[in-house]
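One structure is given below, encoded as structure tokens.
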Amino acid sequence: MRNLTLRQLRSVQAIVRHRTIAAAARQLGLTAPAVTLQIKQLEDDVGLPLFTRTNDGMRLTAAGSAVLNAANAVETSLRALGDEVGAIKGVRSGTIRLGAVSTAKYFAPRLIAAFRQSFPDIEIKLTVGNRLAIIADLKEYHSDIALMGRPPVEFPVTATFFGDHPLVMIAPPDHPLATMRDISRERLLEETIIIREPGSGTRSSLEIFFAEYPGGLEAASAEMGSNETIKQAVMAGLGIAFISAHTIAFEVEMGRLVILDVADMPIRRKWYGVSRRERMTAPAEIAFMDFLVQRGARHLPLIDRLYPADSHSGAPERLPAEERLLRP
């Protein structure tokens, strides 16, 4: 492995990206035979084939996947090194590849805009996806930092808490549950509950919430693939839904949705900035993580009430949303 070169590693990356040696060679500014030679030399050093040829193009073997991971890690470290040298020179610039789970897209642009007011020369490239996709990007070094609710456990990461994440049950304003108090789990299971797809962090939280009722959620649920689709379905009267409070601020303010008063809700989760533990952290990334810790929470959406308006004079006093989110 000591004879590996950057050219060989970049040849592997290019072939994975373009699926053919000819296309990879065009990207690298080399001839196809030169790229073939790079791969042949690398396979000789590894002692295993890195690719198999299929009708769909070149596909990685297990050994090839290991080499690709190493190549991505090296590229990330070199980019971080460039940023650090720039910082030593006094240049406050760099690039951050930021991943965000789909629920975080409701505040990630606001975070980025606020950060860039202090660091206008730092570029942030945002990618949004479900939890599994964002974890995969982080694992494969396609993202530097990810905004998510539950840090992955499949590989070592550093997770930095920056804000509370309340999860709530919602319904249209005219729903029979809208004026009820302390709604039980059993009563919720009498309704159609619209849930996210497998792999969603929100869905995992709801499954835990109903864990003492095996099969109950599956029998009562309808699956939809995005928060926007779920909100539209609830407003259309197709059911109730469990969703991040950070995704519904506008609809609640406009009176198109209400937050149900469910016993043991809101479920309080946390937002984290997550990065791979073993990789070199660039100065731009350090600045962004410091920003998340110091100012991230103030850019999360807030809702005036996490409960419906009191329906009778004897109802207990409810804390303002900002106080409830900050209290343990």
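Treat the numbers as computed from the prediction; the structure is a model and nothing was measured. Residue numbers start at 1 and run along the sequence shown.
The distance from the CE atom of Met235 to the CD1 atom of Ile248 is 10.5 Å, given to the nearest 0.5 Å. Of the inter-residue distances, the one linking Leu98 atom CG with Ser275 atom OG reads 11.5 Å to the nearest 0.5 angstrom. Distance CD1/Ile183 to CG/Asp261: 6.5 Å, rounded to 0.5 Å. Taken from OG1 in Thr158 to CE in Met289, the straight-line distance is 8.0 Å, to the nearest 0.5 Å. Atom-to-atom distance recorded for Thr202:OG1 and His165:NE2 is 5.5 Å, nearest 0.5 angstrom. Separation of atoms CD1 (Ile112) and CD (Glu123) is listed at 10.5 Å; rounding is to 0.5 Å.
Using cut-offs of 30° and 60° for the angle between ring planes, the Tyr213 and Phe210 rings count as perpendicular. Ring-plane geometry between Trp271 and Phe162 is classed as parallel, the angle between the planes falling under 30 degrees on a 0 to 90 degree scale with a further cut at 60.
In this structure the side chain of Phe115 never reaches within 4.5 angstrom of the side chain of His299, judged on heavy atoms. A heavy-atom distance below 4.5 Å is found between the side chains of Phe51 and Val16. In this structure, Pro49 and Glu43 have side chains that are in contact, with non-hydrogen atoms separated by less than 4.5 Å. You'll find the side chain of Leu28 reaches within 4.5 Å of the side chain of Ser11, heavy atoms only.
Here the closest non-hydrogen pair linking Thr76 and Arg279 is CG2-NH2, 2.8 Å. Considering every non-hydrogen atom in both Val46 and Val67, the closest pair reads CG2-CG2, 4.3 Å. A pairwise comparison of heavy atoms in Val168 and Ile259 identifies CB-CG2, 3.7 Å as the closest pair. The two atoms that bring Ala108 and Leu147 nearest to each other are CB-CD1, 4.2 Å, heavy atoms only. Taking all atoms of both residues into account, the shortest heavy-atom contact from Leu206 to Ile193 is CD2-CG2, 4.1 Å. Taking each heavy atom of Pro301 and Ala249 in turn, the nearest pair found is CB-CB, 4.4 Å.
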In sequence, state the C-alpha distance, the side-chain angles, and the governing distance for Leu260 and Met265, and then conclude on side chain to side chain contact (heavy atoms under 4.5 Å, CB included).
CA-CA 9 Å; Leu260 299 180; Met265 283 191 187; over 6 Å; no
Using the side chain to side chain contact (heavy atoms under 4.5 Å, CB included) rule, take Arg116 and Ile122 through it: C-alpha gap first, then chi angles, then the decisive distance, then the call.
CA-CA 7 Å; Arg116 294 204 62 196; Ile122 294 179; 5.7 Å; no
Evaluate the criterion side chain to side chain contact (heavy atoms under 4.5 Å, CB included) for residue pair Phe155 and Ile135; output intermediate values, then yes/no.
CA-CA 10 Å; Phe155 50 93; Ile135 289 176; 3.8 Å; yes
Evaluate side chain to side chain contact (heavy atoms under 4.5 Å, CB included) for Asp264 paired with Arg185, printing each intermediate quantity in order.
CA-CA 9 Å; Asp264 301 318; Arg185 289 169 170 80; 3.0 Å; yes
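Counted within 6.0 Å of NZ on Lys105, heavy atoms from surrounding residues, nucleotides or ligands total more than 12; the atom is thus considered enclosed. Within 6.0 Å of the CZ atom in Arg256, the count of heavy atoms belonging to other residues, nucleotides or ligands does not exceed 12. Heavy-atom contacts from other residues, nucleotides or ligands closer than 6.0 Å to CZ of Arg7 number 12 or fewer. Other residues, nucleotides and ligands place more than 12 heavy atoms under 6.0 Å from the CZ atom of Phe161.
Side chain of Asn72 to main chain of Glu140: a donor-acceptor pair is present (N/O by atom type, distance under 3.5 Å, no hydrogens or angles). Between the side chain of Asp182 and the backbone N or O of Ala263 there is no donor-acceptor pair closer than 3.5 Å. For the pair Arg269 (side chain) and Leu167 (backbone), a donor-acceptor distance under 3.5 Å is absent.
Ser244 and Thr247 share no side-chain donor-acceptor pair at under 3.5 Å. No hydrogens or angles considered: a donor-acceptor pair under 3.5 Å links the side chains of Arg196 and Ser102.
With sequence neighbours excluded, no residue forms a side chain to side chain contact (heavy atoms under 4.5 Å, CB included) with Glu253.
For Lys231 and Glu251, the salt-bridge test passes: some basic side-chain N is under 4.0 Å from an acidic carboxylate O.
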